[in-house]
Amino acid sequence: MNVNKKQASTKLFSLLALCLISILFILLKQKDYQFLADGNFSGLSFFFEIYAGKEFIVFEFILLFIIPIITNLNSCIYRNNRFDVMIVSRIGYTNYFKQCLKQSIKDIWYYPVVINAITVLIIHFMCLPIIGKDIQYVANYFTNIGMLDLCLFTLFQIIGWSFLNYFCFLLSQLILNKYAYILSLGIYSVLSTILFSIIGSIIPFEIKWIFYIHSSFTLLCPGIIGIWSIDTGIFSIIIVILCFIFYSILLFIISKFVLKDREQNG
């Protein structure tokens with residue numbers, strides 16, 4: 001029980017910390033987007049411009065590194081200390097992995113919901129109104145309706161973050177040392193940030209979408225990222241769906257591999 005309380009407290013602290021980082025970033029960048037206020041643009045335009053800005057990659061890097069540690073470090077410890085053997089012996093590896101998949105979704109789905117909700121409220125009351133008379137929405141990342149874009153973006157984030165969280169759970173089953181697990185996440189976060197930034201800046205615009213489908217940042221900010229540009233509208237939605245299909249197949253293959261490894265080696 002104490003372990004569950006400690007884990008819940010850690011998750012709550014991490015969520016509040018991420019919200020605070022997002023709020024501070026918005027308040028710091030508000031002056032750079034004064035032209036939106038001068039043009040009576042919706043605060044949602046500011047919200048998506050912030051997410052699409054190259055500077056926000058720092059926040060996305062923090063997400064990529066921190067969330068897997070918060071949600072899956074215990075899985076790595078349990079695997080290393082064989083605390084999960086009793087559960088596996090009772091329900092089997094297949095059912096155990098199904099339960100872990102469900103838990104990966106339960107552990108993470110509310111993060112983007114809360115972060116986006118608080119971010120939008122801060123923008124509305126302290127920066128730019130979200131709705132109001134003569135307010136224009138000009139971001140048009142998925143549609144030309146601001147609230148619909150926000151709902152789609154949040155829904156895509158829930159799916160993407162769940163994929164990423166389950167991938168990190170599978171990683172925790174392969175790496176038997178908690179410090180090596182943290183180190184591997186750090187190395188992956190740094191290398192992927194640098195690699196995606198470099199490649200995204202040099203490859204032709206016409207083929208960037210191929211790279212975008214395979215990027216873990218697409219899971220964090222589906223359809224909206226400042227490392228490189230892609231067409232908006234229905235094309236952006238298609239790219240996000242293709243990314244989800246790619247990662248579904250990838251996670252299925254890795255799950256089979258990890259499942260086989262656990263069955264053979266315990």
*Nearest 0.5 Å please: distance from the OG atom of Ser255 over to the CG atom of Leu101.*
7.5 Å
_Beyond-backbone contact of Gln157 with Asn116, side-chain heavy atoms, under 4.5 angstrom_ = yes
_If the test is side chain to side chain contact (heavy atoms under 4.5 Å, CB included), which one of Val113, Ile115, Val120 qualifies with Thr154?_
Val113
*asked:* Once you measure the plane-to-plane angle for Phe244 and Phe163, does it fall in the parallel (<30°), tilted (30-60°) or perpendicular (>60°) bin?
replied: perpendicular
*Close side-chain approach of Ile118 to Val114, heavy-atom, < 4.5 Å*: yes
*Taking atom SG of Cys243 and atom CD1 of Ile159, what is their separation to the nearest 0.5 Å?*
11.0 Å
*Any chance you could measure Asp107, atom CG, to Lys102, atom NZ, to the nearest 0.5 Å?*
14.0 Å
_Sole candidate of Ile241, Val240, Leu242 that passes side chain to side chain contact (heavy atoms under 4.5 Å, CB included) when paired with Ile238_ = Leu242
_Phe142 versus Asp149, closest heavy-atom pair with distance_ = CB-OD1, 3.2 Å
*Taking all non-hydrogen atoms of both residues into account, name the closest pair between Ile123 and Phe46 and its distance.*
CG2-CD2, 3.8 Å
*asked:* According to a hydrophobic-cluster definition based on side-chain heavy atoms being under 4.5 Å apart (Ile, Leu, Val, Met, Phe, Trp, Tyr only), do Leu24 and Leu15 belong together?
replied: no
*asked:* Quick check for you: to the nearest 0.5 Å, what is the distance between Ser22 atom OG and Phe47 atom CZ?
replied: 7.5 Å
_Validation row: Phe156, Phe153 side chains within 4.5 angstrom (heavy atoms)_ = no
*Are Phe252 and Ile105 linked, directly or through other ILVMFWY residues, by side chains that come within less than 4.5 angstrom of each other?*
no
*asked:* Contact between Leu219 and Phe167 at the side-chain level, heavy atoms closer than 4.5 Å - yes or no?
replied: no
*Between atom OG1 of Thr143 and atom CD1 of Ile234, what is the distance when rounded to the nearest 0.5 Å?*
10.5 Å
_When you measure from the side chain of His124 to the backbone of Pro129, do you find a donor-acceptor pair of N or O atoms at a distance under 3.5 Å?_
no
*Take atom CZ in Phe257; do more than 12 heavy atoms of anything else shown fall under 6.0 Å from it?*
no
*Between CD1 on residue Ile23 and CG on residue Leu18, distance to nearest 0.5 Å*: 11.0 Å
*Whether Trp161 side chain and Leu220 backbone form a donor-acceptor pair below 3.5 Å*: yes
*Taking the side chain as every heavy atom from C-beta outward, state whether Leu16 and Leu20 have any atom pair closer than 4.5 Å.*
no
